[in-house]
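A short write-up of the structure that comes next.
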Amino acid sequence: MKKITNLKEFACTPDRFQGGHRLCPGCAHGMIVREVVNATDDDLVISTATGCLEVCSAIYPYTSWDVSWLHIGFENAAAGISGAEAMYKALSRKNRSYNPDKNVKFVAFGGDGGTYDIGFQSLSGATERGHDFLYVCLDNEGYMNTGGQRSSSTPVGAHTTTSPRGRVSYGEKNRKKDLTMIMAAHGCPYVATAVPGTKHWKDLATKAAKAISTVGPTFINALSPCTTEWKFKPEDTTEIADLAVETCMFPLYEIEDGHKLTITYRPKQKIPVEEYLGRQGRFAHLFKPENKWVIEEIQKQIDEYWEYLQRREEAGV
Amino acid sequence: MLQIRWHSRAGQGAVTGAKALADVMARTGKYVQAYSVYGAEKRGAPMSAYDKIDDKPILDHSKWMTPDYVLVIDPSLVFQEEIVDNTKDDTIFIVTSHMNKDDLLNIAKHLQGKKLYVVDAIKISQEEIGRAIPNTPMLGAFMKISQLIPFEDFLVSIKDILSKFPQKIIDGNIRAIKRAYEEVK
Amino acid sequence: MAERYELKSKEVWDGNTAASHALRQAQVDVVAAYPITPSTPIVQNYAQFLADGYVDGEFVMVESEHSAMSACVGAAAAGGRVATATSSQGYALMVEVLYQASGMRLPIVMTVVNRALASPLNIHGDHGDLYLGRDAGWIHLIANNPQEAYDMTLCAFKIAEDERVRLPVTTNQDGFLVSHTAQVVEPLQDEVAYKFIGDYKPMNPMLDTKNPQTYGAQTEEEWHFEFKASQHKALMESSKVIDEVFAEFEKVSGRKYNRVESYKIEDADVAIVVMGSAYETAMVAVERAREEGIKAGLVMPRSFRPFPYNEIAEKLRNVKAIAALDRSCPMGAMGALYNEVSGALSANGQSAIMTNYIFGLGGRDTTVEHILEVIKETDKNAKAGKRVTDLQGFINLRGPKLSFN
Amino acid sequence: MATPKDMMTTWDKIQPGAVLPSFEDPEHKVRSKFNSFNYKVADWRVEKPVFNRDLCIDCDFCWVSCPDSCFIVEEVENKRGKKQAKIVGINYNLCKGCGVCVDVCPTPIKSLLMFPEFMDNEEALKQWPTKDDKK
């Protein structure tokens, strides 16, 4: 496992995800991916589900990857990486490894569409089969690659193009699917949440290093604030991520062996959710008088969930 | 070309029996085809299996045949009139029943006038193998009636075909085959 | 090391057993598969080979056919020999990924046991799945009996992995009629079979992590056309490699295969074009027709893709009337074989009278008598010098006659 | 469109399967022409970040939060002989001008600031605010 000590040292890591990709200016995907692939010194084979990251990092004739990389489809990043991992095992057993002196690790990236929704079956299958890989969900809470449609990760009240706010609607009606817990329920040896940015960079890098070095299927759900569809200024990406943590809208925690939960960051003072919602255009309509109750409802859900996480951590079961 | 049709219930081993017979005959240098016809039904549903045996490669892949032998390994199927479909005047029927031939013909009128042999393959398999899997005893009976190859040669081949099973199962099957060879009437 | 499997010079195998032994002998590095009737026994047999130590590769039991082909793509791009098996609905679920596999030029071998597509649901054989995959950029080889299911699968690896081809290959056998029909198969011994296929030749393997590769880039209108054209060219030129592999296979097995198979076509006035086990049934019908004075012959494209246009036209050069028999419902068109063969004739300036017959859907029995009837009808066209029968016929269908026009 | 003219090829000359090698010389890590490191997104910018080395404390916040891997890092040894990263510049080929680096820069007077794209860096450095300037 790569030792992540301080940023001065971590920044010496030669980048393995190159610029020149076509993600939006200020996109959190680039931040998260760089940290994950830089969090190990082992060689990497990566698969990526169809989505913003995939289309922007491999537009022919360019690739942004200094590591081996594969894209097949929207719903099969986990299945694809499981095949590559199986080949690695087979060739190692048959003494036909391409680089016998190197460890190869396997990582899959998918957006929330490719992870929570259309790709969930293949992720669940690959996880159940126990392949040795890390799956990172770049959770920007909607189908942003296709112009901001809702997903099962879209939070209550958010405006998307398929859950629009309107004269009689306050936007998304359904609660965000709790995928991290669902992945933990698979019995994964390691599952965690993370955010990009300077405040929690070490939390993310350490979790990635831990996940990659853990044998077996591991999962990181990384919140990826989307400047374009959440509607905030590009330079505010890390601030929005920090607010998601400080409001407990997106708490940072990890779960080991499917059950042992540890909260990895505890806000000194939980900030009201308005602070987070108010910074994003997708929630602007909630501040109209007739929709205020939705904010209250969201706050109630956050409070309950935060309480649940703390109780569960205390219980230590 | 020798054509054999099996009538069975799914789970009684007609497919395995048909394939075993094909295997035995292939070892004598014959060309064979063994297949079965069934739908999505589960254990207990009626089904049929087929053997074709010839001196030259068998090309016809259609399911239709005019059997030289009809082997019925389930006692209740003996009473279904379908077992005489597409048969010839000289088609030989070997059926499983606890009844003797005369009693059987009184009930199963469609078999009247047919060349009929009876063996209680169910009872034999229950007693010798411990389960109602009447396929191998039927092969014993068939060998007796058809005299297709010397019985000793048949036993050598079938022992080899069964060799993946535990010795106890092999021994039980061989006893069942020998008993049916003796008891078929 | 995988254990050597003791094989007799003649085995009695059904098509599934034959295909699974070919997979075993190819020492496939990764098999990722999901069972589906009627190809399930291929997957089961392979699992048993693994459990008994006859296979030392990885066997990934995925949760769907979509993931099966996806894992195959991942494994093949990683850099090793890959295979799977499927049928029907499973094939349909895979279709998206079939295009990905061929577009990335990955030499995956898939043993397909052909089965009808729902709805209504049906587990028996027709070519609905084969036709579904015909534009997917794969090479499609046809096997008419268990021996050929075995032989074609061995050849498939050698064709797919050839540096000049690097395309995925399906081997097709009829559900139940071949897959569940035991016949005499003369297998090669393990070492002979493996030597014939040869070691896997890597090309841009992802696992050579010192030299990283990007697979599955996005190409928009600026590039997509060129890639598809390049893939089409490779698929067309695989004909040459298929011929070479068949010739090499004849040397080790004594069995000769051709991209276009034919039977008594040399002096025929009337020809049947058909793929699958019905080709052999039709051989018997041709014999019967000749006994009755009709000079009938038989032609089959062994490789449905690449389609052997010129070779098939050459075989049909002297016939007067042709019936193309398609085992898939064309749904508002003529059957694919009718269209391909008509195109082949037209391209070569030939003008035999063409008719189309649809047969065997959902496992409907097609007997020697049925095909003999088709030959007789086609003979009417030959004798009249023009089409006097319906353009399209349905063999062994209950109800009034049905035709396209 | 997106492909430079000199990279446009015909169907008979493209890589089978659209497979892209990251490196032209893998052993010496020489990136291939297909590596997006060699692609320019500079024209996406309206404003550009300018880096003031004199004010930088090498916290590397900009490095870790840059979505476009723009910050050029030199590996140096600190007083205790430990390796650490020194920011030496911005790769303007890769920078899209999102401004995150400026946002996260923690120095009292920021060592990264946004300036108009057309302004010369020398000129920008001259205009850098000082302690005396009002915020």
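In the text below, chain A, chain B and the rest are named by the order of the sequence lines, each starting its count at 1.
Heavy atoms closer than 4.5 Å to chain A are found in the backbone of D:C59, but not in its side chain. With a 4.5 Å cut-off on non-hydrogen atoms, A:S64 touches chain D through its backbone and its side chain both. Both the backbone and the side chain of A:E9 come within contact range of chain D, with heavy atoms under 4.5 Å apart. Proximity to chain D is absent for every atom of A:N6, based on heavy atoms less than 4.5 angstrom apart. With a 4.5 angstrom heavy-atom cutoff, A:C12 touches chain D via backbone and side-chain atoms both. Contact annotation for A:P196: neither backbone nor side-chain heavy atoms come within less than 4.5 Å of a heavy atom of chain D. Contacts between D:F61 and chain A at a heavy-atom distance below 4.5 Å involve backbone atoms as well as side-chain atoms. Proximity to chain A (any heavy atom under 4.5 Å) is shown, for D:D58, by both the backbone and the side chain. In this structure, the portion of D:W44 lying under 4.5 Å from any heavy atom of chain A is its side chain and not its backbone.
Side chain of A:D42 to main chain of A:V104: no donor-acceptor pair is present (N/O by atom type, distance under 3.5 Å, no hydrogens or angles).
The six-membered or imidazole ring of A:W201 lies near that of A:F10, with a centre-to-centre distance under 6.0 Å.
Proximity to chain A among residues 14-22 of chain D is limited to D:I14, D:Q15, D:A18, D:L20, D:S22, judged by heavy-atom separations below 4.5 angstrom. At a heavy-atom cut-off of under 4.5 Å, chain A is reached by D:R31, D:K33, D:F34, D:N35 from residues 25-35 of chain D, listed in order of number.
Between the CE atom in A:M87 and the OG atom in A:S92 there is a gap of 11.0 Å [rounded to 0.5 Å]. In this structure, CZ on D:F71 lies 10.5 Å from CG on D:N91, to the nearest 0.5 angstrom.
Under the 30°/60° scheme for interplanar angles, the aromatic rings of A:F17 and A:H21 are found to lie parallel.
The 12-atom threshold is not exceeded at NZ of A:K233, counting heavy atoms of other residues, nucleotides or ligands nearer than 6.0 Å.
Of all the listed residues (D:G99, D:S65, D:C62), the one sharing the greatest number of non-hydrogen pairs under 4.5 Å with chain A is D:S65.
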